[in-house]
Amino acid sequence: MSHSPSLPDRPRLELDPEMSDAERLEAIRQHFRRIVQVNEELEDRLADAEGRRGELKDDVEQLKRENEVLKTSSLYIASVEEITDDGVVIKQHGNNQEVLTQAASRLDEDLRPGDRVAINDSFAVQQVLDDETDSRAQAMEVTESPDVEYADIGGIDDQIREVREAVEDPLENPEQFEKVGVEPPSGVLLHGPPGTGKTMLAKAVANESNATFIKMAGSELVRKFIGEGARLVRDLFELAAEREPAVIFIDEIDAVAAKRTDSKTSGDAEVQRTMMQLLSEMDGFDDRGEIRIMAATNRFDMLDEAILRPGRFDRLIEVPEPGAEGRERILEIHTQEMNVADGVDLGAVARDLDGYSGADIASLATEAGMFAIRDGRTDVRQADFEQARDKLQDADTEDERVINYQY
Ligand SMILES: Nc1ncnc2c1ncn2[C@@H]1O[C@H](COP(=O)(O)OP(=O)(O)OP(=O)(O)O)[C@@H](O)[C@H]1O
């Protein structure tokens, strides 16, 4: 935010009792001139500010109109085929129907054949969208071999073991499952508080099974446009099939798979459609080949039961907040590369970190290092860890950050 420049000083009239009448008169005249000057300056400033206010008001009006359009109508995706004198020819995605329509006047100049656009119920073009590949790239993160190993994850050895059984073993020894005659779990759902290592676990299992890691954030699947979320889900599974062996990881799955609410807004219906697509991809996935599906949530309580049925996310693994021993292990991992002074008792530091997640401990280690640097030292001492803890605790209280998860 820009600060307004300071106001001009208020002119002061200083009259000396020793002054003659003529001198007084001159002083008063000068004072008056200064007042007129200041007044002019203030009027200029006021005019500027009013001009700026007018501009901002126009911006607000424009945004309000756009917001109304987005709120009141469902938008569908289409592509621009041709721009003619009679209007714009668009082709709807999904049914490939071609329609001659009009674009909102503010878009007239911007439209080009090939553009992806959002249209409303009466086919009028409302918005030009990003390139399709852009929106996919935004939604999906693909890593050939993520650089996380099991050894980088502390305090959740049981969970690592369970994930290896459910994901790594079926990828590496599918024949064994066939011979024994058991189906490996369809999908693995990791649930637990934020920052406890769920994403790390999914990356590590992909890495250690030499599988491509394909991550999609649930929140990215909840798009404004009809059909886009479902389309991304289809793309996700197609991409995994092209890149197998692959691990699909859907983070924040609660964004698409929350319990049904009573509200019937088009947004909710769109989320439902996306979830249905996800379920149908999972159900139709008998011949799964070398693809494993994982998901994570901090809001297990909110999930729709439908996604937990057999054949879907049927292996639930809780990733809890670490206990004292786990915290010590995580602290060891995050200080491994640091020059920790002899005699520092990491166990004692960890005991004092009740309620800290793995992510909190990672920031604590960095913060402790920063204290050493600020002090001009190259080794990190016990006191640095203590100061780091105090700092993080203060920051927490100041923000009054409430971490919102329920069990
Ligand atoms: N168990 C752990 N061992 C070591 N480091 C951890 C652990 N848990 C978290 N971290 C640290 O915190 C960072 C964030 O962890 P991660 O993204 O895996 O958490 P998450 O459970 O997926 O969180 P969210 O639910 O917020 O997505 C990691 O990059 C790592 O530095």
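Each ligand, and each atom within it, is numbered from 1 in the order the structure gives.
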Exercise for review: Show your working on side-chain hydrogen bond (donor to acceptor under 3.5 Å, both in side chains) between Q37 and E41 and close with a plain yes or no.
Suggested key: CA-CA 6 Å; Q37 242 174 22; E41 202 177 312; over 6 Å; no

What side-chain donor-acceptor pairs closer than 3.5 Å can you find for residues 361-374, not counting sequence neighbours?
| unit_1 | atom_1 | unit_2 | atom_2 | d |
| --- | --- | --- | --- | --- |
| S363 | OG | A359 | O | 3.0 |
| T366 | OG1 | A362 | O | 3.1 |
| E367 | OE2 | K391 | NZ | 3.1 |

If you look only at distance, which donor and acceptor atoms sit under 3.5 Å apart when one is on a side chain in residues 166-179 and the other is two or more places apart or in another chain?
| unit_1 | atom_1 | unit_2 | atom_2 | d |
| --- | --- | --- | --- | --- |
| E168 | OE1 | Y150 | OH | 2.4 |
| E168 | OE1 | R164 | NE | 3.2 |
| E168 | OE2 | R164 | NH2 | 3.3 |

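Residue E337 places its CD atom among 12 or fewer non-hydrogen atoms of other residues, nucleotides or ligands, all under 6.0 Å distant.
Every side chain to side chain donor-acceptor pair (under 3.5 Å) that E55 has, sequence neighbours left out, goes to R52.
A heavy-atom cutoff of 4.0 Å around ligand 1 is satisfied by the protein residues D152, I153, G154, P194, G195, T196, G197, K198, T199, M200, D251, N298, I330, H334, G358, A359, A362.
Considering D360, I156, I330 as possible partners of P322, the one that fulfils the side chain to side chain contact (heavy atoms under 4.5 Å, CB included) test is I330.
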